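Read through the structure below, which is laid out as structure tokens, and then see the notes.
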Amino acid sequence: MSYCPLAQTAKITNQVILVGSGCAYPNQRLTNTQLGLRVDTNDSWIRSRTGIGARRIIGPGETLTDLSYKAASAAIEMAGWDPQSIDLVLLATSTPDDLFGSAPAVQTKLNANNSVAFDLTAACSGFLFALITASQFLRTGSMRRALVIGADQLSSWVNWDDRRTCVLFGDGAGAVAIEAKETSEKGLIDFELRSDGRRGNYLNLNKTKDFSHLIENSSYQTGSFSPIEMNGQEVYKFAVKEVPAILQTLLRKTNTDPQMLDWLLLHQANQRILNAVADRFKISYEKVLTNLADYGNTSAATIPIMLDEAIRSGRVKPGDLIASSGFGAGLSWGAALFRWHGPN
Ligand code: ACO
């Protein structure tokens with residue numbers, strides 16, 4: 001039998017509560033009509049097929065690290081935390097400024113010097129996967145405070161001449177502050193996570209296969225990536241099948257009737273996907289949080305940006321029950337059921 005020192009000290013009574021949120025997006029705004037100046041598309045096609053009206057794109061003088069820092073700062077401020085009290089800074093991104101990881105740069109800007117900081121990659125499911133990963137440290141009692149950030153800059157990786165993909169994505173960052181608390185009230189109630197690499201070829205941002213000469217009889221593979229490639233129809237079918245299925249499993253497991261939910265908080269990929277999931281559970285569209293019209297698909301950032309906007313606008317209130325699901329490349333997908341707690 002293996003020996004696990006953590007298990008000896010674990011406080012399994014810890015609950016994970018969500019106490020702060022924040023978001024940040026770039027200054028540059030690009031409307032559907034403006035995109036039509038670059039590719040053969042138009043506002044009516046994009047809106048009717050996706051619900052997207054505009055997106056934000058990182059421009060000169062902005063970086064993903066800066067956006068992540070701003071989103072995280074807002075979450076820390078809402079939570080009322082001293083940055084020195086943070087144990088973990090977890091950055092979910094597929095597009096870091098530094099391939100070695102951008103979380104330590106965010107940690108430094110935040111002055112969260114007592115934390116460990118690292119990146120996690122799971123494409124559009126990244127925020128949800130990071131939230132669950134961070135919550136495990138909190139539940140065992142090995143950490144008390146974690147900052148979970150979802151941030152992406154897919155504008156650098158789309159082919160701006162491919163109208164089938166470039167209209168879908170935007171840039172942004174969102175963050176949530178979570179805390180371990182010994183309490184009977186539950187914040188993060190339960191979760192489900194899935195991956196299926198067999199369907200990974202539906203959505204890729206692959207390394208190029210170019211080699212360069214090194215010395216005689218030796219070459220090296222150059223460090224560059226091809227733009228996003230997507231089979232839109234297969235991704236659509238995947239989402240409308242797997243998201244209801246995983247939510248159903250989670251709701252059953254937690255004895256939650258869909259009508260008990262205050263909000264459905266899904267990865268903002270396409271309004272038609274959001275509506276299809278709501279229809280499946282007979283949930284009114286008024287309970288489906290959406291900001292696709294303003295930001296498009298910001299990948300790992302969609303869920304925390306949407307959550308923060310809904311909290312700050314007063315729609316999501318302390319105690320509200322939220323079912324969330326992220327899905328995307330990998331393929332990967334996940335779901336979490338939680339109550340928004342708010343600052344202590
Ligand atoms: N503007 C105008 N016409 C377009 C555009 C555009 N931007 N894009 C495609 N078309 C045309 C096509 O060329 C095609 O024309 P044709 O019939 O003459 O060949 C026609 O519109 C229909 O194209 P489809 O690809 O069949 O359109 P579809 O209804 O499937 O919609 C879409 C495409 C919106 C991409 C849809 O498949 C979808 O939403 N899929 C899910 C994709 C997604 O959400 N990906 C991200 C999720 S994972 C993540 O977030 C990383």
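Treat the numbers as computed from the prediction; the structure is a model and nothing was measured. Order of appearance sets the numbers: ligands from 1, and atoms from 1 within every ligand. Side chains included, hydrogens not; waters and symmetry mates left out as well; all remaining heavy atoms used.
Distances from atom 49 (C) of ligand 1 to the heavy atoms of C124, A300, G328 show the closest one on C124. Checking M230, R163, K237, Q233 against atom 30 (O) of ligand 1, the nearest heavy atom belongs to Q233.
Among protein heavy atoms, atom 10 (N) of ligand 1 sits closest to W45 CZ2, 3.4 Å. The single protein non-hydrogen atom nearest to atom 43 (C) of ligand 1 is V235 CG1, 3.8 Å, given as residue, atom name and distance. For atom 48 (S) of ligand 1, the nearest protein heavy atom (residue, atom name, distance) is L203 CD2, 3.4 Å. Closest to atom 27 (O) of ligand 1 among all protein heavy atoms lies R49 NH1, 3.3 Å. The nearest heavy-atom contact from the protein to atom 38 (C) of ligand 1 is N270 ND2, 3.7 Å. For atom 31 (O) of ligand 1, the nearest protein heavy atom (residue, atom name, distance) is R272 NH2, 3.8 Å. Atom 1 (N) of ligand 1 has T41 OG1, 2.6 Å as its closest protein atom, hydrogens excluded (heavy atom only).
Relative to the six-membered ring of Y236, R272 meets both conditions, a distance below 6.0 Å and an angle of at most 45° to the axis.
Here is the list of ligand 1 atoms found below 4.0 Å of a heavy atom in V167: 7 (N). For ligand 1, the atoms sitting less than 4.0 Å from at least one non-hydrogen atom of T50 are 34 (C), numbered in the order shown with element in parentheses. Near H267, the atoms of ligand 1 lying under 4.0 angstrom from a non-hydrogen atom of the residue are 49 (C), 50 (O). Near R164, meaning under 4.0 Å from one of its heavy atoms, ligand 1 places the atoms 8 (N), 9 (C). When each atom of ligand 1 is checked for a heavy atom of A269 under 4.0 Å away, the hits are 44 (O), 47 (C).
Protein heavy atoms are absent from the 4.0 Å sphere centred on atom 19 (O) of ligand 1. Atom 14 (C) of ligand 1 lies below 4.0 Å from none of the non-hydrogen atoms of the protein.
Using a cutoff of 4.0 Å between basic side-chain nitrogens and carboxylate oxygens, R163 and D40 are scored as salt-bridged. Between D308 and R312 there is a salt bridge, since at least one side-chain N of the basic residue sits less than 4.0 Å from a carboxylate O of the acidic one.
Among the atoms of G232, some N or O lies under 3.5 angstrom from an N or O of ligand 1. Checked by distance only, ligand 1 and N297 come closer than 3.5 Å through their nitrogen or oxygen atoms. Between N42 and ligand 1, no pair of N/O atoms sits closer than 3.5 Å.
Separation of the F238 and W333 ring centroids falls under the 6.0 Å cut-off. Here Y220 and F211 keep their ring centres 6.0 angstrom or further from each other.
Counting non-hydrogen atoms of neighbouring residues, nucleotides and ligands closer than 6.0 angstrom, the NZ atom of K253 exceeds 12 such neighbours.
Under the side chain to side chain contact (heavy atoms under 4.5 Å, CB included) test applied with I132, the options V148, L188, V16 reduce to a single match, L188. Considering I189, V316, D262 in turn, V316 is the only one that fulfils the side chain to side chain contact (heavy atoms under 4.5 Å, CB included) rule with I322.
A distance of 8.0 Å separates CZ of F225 from OG1 of T208, quoted to the nearest 0.5 Å.
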